[in-house]
Amino acid sequence: MADNNQNQNNKPDKNPRFFNQNPLFLFAIFAIVLIVAFKGLGGFEGDNFSSKVGGGSTITQNINYYDLKKRIETKSVSYVAIGQTTIRAISESGGVKTIYVTKRIIPDDTLIPLLDKSGIEYNGYNESNWFTDMLFSWVLPIFIFFAIWMFLASRMQKNMGGGILGMGSAKKLVNSEKPKVKFEDMAGNKEAKEEVVEIVDFLKYPDRYLKLGAKIPKGVLLVGPPGTGKTLLAKAVAGEADVPFFSVSGSSFIEMFVGVGASRVRDLFETAKKEAPAIIFIDEIDAIGKSRAAGGMISGNDEREQTLNQLLAEMDGFSSDSSPVIVLAATNRPEVLDPALLRPGRFDRQVLVDKPDFNGRVEVLKVHIQSIKLARDVDLEEIARMTAGLAGADLANIINEAALLAGRANKKEVEQSDFREAVERGIAGLEKKSRRISPKEKRIVAYHESGHALMAETTKGAKKVSKVSIIPRGLAALGYTLNTPEENKYLMQKHELVAEIDVLLGGRAAEDVFIGEISTGASNDLERATDIIKAMISYYGMTDIVGLMVLEKQRNVFLNGGLTSSREFSDKTAQEVDDYVKSFLKERFDCVKATLEVYKGAIEEMVKELYDKETIDGEKVRQIITQYEKEHDMPSRLVALNDEVEEVSVKR
């Protein structure tokens with residue numbers, strides 16, 4: 001019931017009482033109407049002109065200044081009122097009074113003597129008085145300025161969470177709900193779910209633990225790469241426990257005014273305590289929880305530091321009573337968090353929500369295809385093999401992309417080919433069939449990709465080929481070879497790294513062997529091959545150049561993402577490393593060229609297929625290689641080459 005009330009409080013009023021909330025605007029409109037009415041009735045003229053006009057019928061007529069003076073000379077008017085810019089005269093004939101109005105010409109020293117000579121009564125009048133002058137010149141502009149200021153302040157209050165200029169309540173920034181998500185709705189995070197199951201038990205049956213003297217945990221930190229389902233897992237905990245779920249982004253606490261974030265933290269925790277047992281979920285907690293030592297927060301009045309201090313104080317203030325409140329937080333940058341957040345009694349439990357393995361990807365795909373109309377040829381295991389290393393959000397996007405592709409083709413069901421195309425779009429980018437390349441460049445790309453494919457299929461430890469294409473994709477790729485691992489791998493042996501280098505050099509070697517001249521198409525391949533060799537030397541201790549010594553220290557800036565390193569070796573060692581990289585690349589390049597020379601016929605057959613069809617799958621590549629080996633009695637020679645590759649990699 002309390003949750004429903006909270007949701008109702010967060011819903012915008014469909015019939016806002018604007019004038020009740022902004023009385024200044026109502027008063028302003030009333031004042032303007034009053035002024036206009038008085039002005040129209042002549043209420044501000046300040047003389048006896050109205051009394052001279054009196055009642056009865058009146059006619060107002062505009063005349064020129066010359067005609068007015070003629071009427072004064074002939075005594076056709078009985079009264080004249082002289083203003084600063086206009087002159088009014090009254091004439092009466094047959095019971096109807098005519099008011100003549102004309103513009104005053106200044107200077108004119110003949111008008112007053114003319115009136116005296118004609119014996120016509122005259123007087124001056126103020127076209128405006130002090131009240132209207134002050135109202136329009138001073139009061140009304142200031143009033144309008146303050147009315148606009150109050151309007152903007154009320155809008156800022158609504159958008160920023162309450163209080164003047166947003167300083168105060170965090171209710172507008174907090175999403176309060178009772179999620180319906182359960183653990184069964186999640187897939188691919190079996191270990192993470194097991195870690196948080198006890199949290200559900202704490203929330204459901206707190207007395208069971210309090211009787212034993214146990215303290216209910218206060219905070220759980222969900223750590224994992226983007227898109228792995230940290231927020232979904234937090235909602236599932238609340239859904240399983242059937243408790244209110246207060247979610248807010250870490251960046252919502254930070255504003256330009258110092259103290260706003262701390263105030264919002266207090267308000268958030270007070271609200272959650274009233275609804276206890278409950279869960280508070282802070283997404284991207286690194287926005288407010290960065291280390292105060294390394295994050296550059298030196299000033300004691302820094303807004304982020306004030307907010308972090310308040311969060312720490314609130315978590316310390318939790319009492320282990322029968323109505324617990326547990327704080328769940330998510331981040332993909334645990335290394336930047338302040339140690340005070342991670343100490344026992346706060347976020348002392350860290351749950352890794354990692355990317356799913358093969359079985360996990362299959363389960364994730366099963367969850368996301370429930371609303372998709374699938375064809376009979378759809379193989380989820382093949383899709384899972386093609387998507388190694390992707391997170392749950394990536395898999396959901398691939399399924400949606402496949403459905404969109406089927407819809408564009410006006411299909412009634414989503415086929416396996418749609419999923420393959422969706423995966424390739426995610427990995428290599430969109431196909432650009434409209435990009436015209438010359439026959440010469442097309443031939444170069446065909447040999448280049450055939451070299452990659454052949455080395456992948458004939459090198460021990462390399463990933464097998466799934467597809468080869470010479471259709472341009474993405475921003476710069478004129479062709480690509482898609483490799484998929486046969487099984488989940490968490491470690492790589494030395495011969496597997498060497499095999500990956502050989503596959504990368506296969507394109508450049510094929511151009512050299514079959515075309516006789518190299519092109520610029522292998523720049524990215526060479527860069528990646530060089531990085532692998534340097535990693536073998538600097539991080540993995542897989543060479544004799546420096547032995548087991550680690551030359552560079554890696555620091556994970558983003559979880560499973562970018563790396564930074566610091567150099568801690570001499571210039572002499574750097575030169576030795578450079579010489580080794582150069583010689584090792586040359587050695588592997590010569591070995592790859594030798595392999596391609598042995599398989600010349602298979603390469604030519606692949607190039608012919610690619611030139612005609614532009615795309616061939618992995619089965620066709622293996623068929624071509626197998627047929628060539630049978631025709632030339634290749635198995636023994638291939639085994640000898642593979643043994644040589646492994647022997648060289650182990651020795652070095």
Side-chain angles (χ1 to χ4, degrees), residues 182-197 222-233 236 332 351-372 374-403 414-428 452-453 456-457 459-468 480-493 495-497 499-500 503 532 559-561 617-619 621-622:
K182 305 292 184 180
F183 285 148
E184 62 187 23
D185 298 320
M186 297 188 59
N189 288 297
K190 183 178 179 181
E191 294 80 6
K193 285 188 287 186
E194 291 175 354
E195 287 286 335
V196 297
V197 163
L222 305 179
V223 179
T228 51
K230 298 184 290 295
T231 302
L232 188 62
L233 180 60
N332 56 2
V351 177
L352 177 62
V353 188
D354 207 352
K355 295 178 180 178
D357 57 12
F358 173 77
N359 293 328
R361 290 195 297 276
V362 173
E363 294 300 320
V364 171
L365 291 170
K366 288 180 179 179
V367 170
H368 290 294
I369 64 171
Q370 292 179 0
S371 60
I372 305 296
L374 300 178
R376 291 185 177 181
D377 66 338
V378 173
D379 184 358
L380 296 183
E381 291 189 358
E382 180 186 351
I383 301 172
R385 279 191 292 269
M386 296 174 64
T387 54
L390 298 187
D394 301 319
L395 297 175
N397 184 62
I398 286 173
I399 291 175
N400 183 64
E401 185 67 29
V414 184
E415 301 172 354
Q416 185 74 0
S417 58
D418 299 316
F419 285 105
R420 293 195 189 103
E421 176 63 20
V423 172
E424 292 173 28
R425 282 192 174 201
I427 295 175
H452 284 313
E457 288 296 327
T459 304
K460 184 178 180 180
K463 299 175 184 177
K464 299 306 178 183
V465 177
S466 176
K467 184 177 181 180
V468 184
Y480 69 98
T481 301
L482 183 62
N483 305 89
T484 55
E486 294 182 324
E487 58 184 6
N488 294 318
K489 296 189 71 66
Y490 303 99
L491 296 173
M492 293 191 71
Q493 294 179 301
H495 79 276
E496 292 173 327
L497 292 173
E500 190 169 345
V503 174
I532 293 173
L559 194 69
N560 287 350
D617 58 21
E619 288 300 322
V621 172
R622 284 182 281 276

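Residues: numbered from 1 along the sequence shown.
In terms of heavy atoms, V414 sits closest to A403 at CG2-CA, 3.9 Å. Considering every non-hydrogen atom in both L365 and A384, the closest pair reads CD1-N, 4.0 Å. Considering every non-hydrogen atom in both K366 and L380, the closest pair reads CG-CD1, 3.7 Å. Scanning both residues, A391 and P226, for their nearest heavy atoms gives CB-O, 3.9 Å. Between L482 and M386, the closest heavy-atom pair is CD2-CE, 4.1 Å. Minimum interatomic distance between P356 and L390 (heavy atoms only, all atoms of both residues): CD-O, 3.6 Å.
Contact check for V465 versus T481: side-chain heavy atoms found under the 4.5 Å cut-off.
Between the side chain of T459 and the backbone N or O of A499, no donor-acceptor pair lies under 3.5 Å. With N400 contributing its side chain and N397 its backbone, the two residues share no donor-acceptor pair below 3.5 Å. For E401 (side chain) and A422 (main-chain N/O), no donor-acceptor pair under 3.5 Å exists by modelled atom type.
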Next on the checklist: Is there a side-chain contact (heavy atoms from CB on, under 4.5 Å) between K193 and L233? Walk through the geometry before answering.
Outcome noted: CA-CA 7 Å; K193 285 188 287 186; L233 180 60; 4.0 Å; yes

Item to check | side-chain contact (heavy atoms from CB on, under 4.5 Å) between T387 and F419, worked out | outcome: CA-CA 11 Å; T387 54; F419 285 105; over 6 Å; no

Item to check | side-chain contact (heavy atoms from CB on, under 4.5 Å) evaluation trace for E500 with V503 | outcome: CA-CA 5 Å; E500 190 169 345; V503 174; 5.8 Å; no

Item to check | Steps toward side-chain contact (heavy atoms from CB on, under 4.5 Å) verdict (V351, K230) | outcome: CA-CA 10 Å; V351 177; K230 298 184 290 295; over 6 Å; no

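The distance from atom CG of N483 to atom OG of S466, rounded to the nearest 0.5 Å, is 8.5 Å. We find the CG-CD1 distance between L395 and I383 to be 9.5 Å, quoted to the nearest 0.5 Å. Here T228 contributes atom OG1 and D394 contributes atom CG; the two are 10.0 Å apart, rounded to the nearest 0.5 Å. Annotation: the span from N359 atom CG to E381 atom CD amounts to 8.5 Å, rounded to 0.5 Å. A distance of 10.0 Å separates NZ in K463 from CD in E496, rounded to the nearest 0.5 Å.
A salt bridge links E619 with R622; the closest basic N to acidic carboxylate O contact falls under 4.0 Å. The pair R420-E424 does not count as a salt bridge, with every side-chain nitrogen at least 4.0 angstrom from each carboxylate oxygen.
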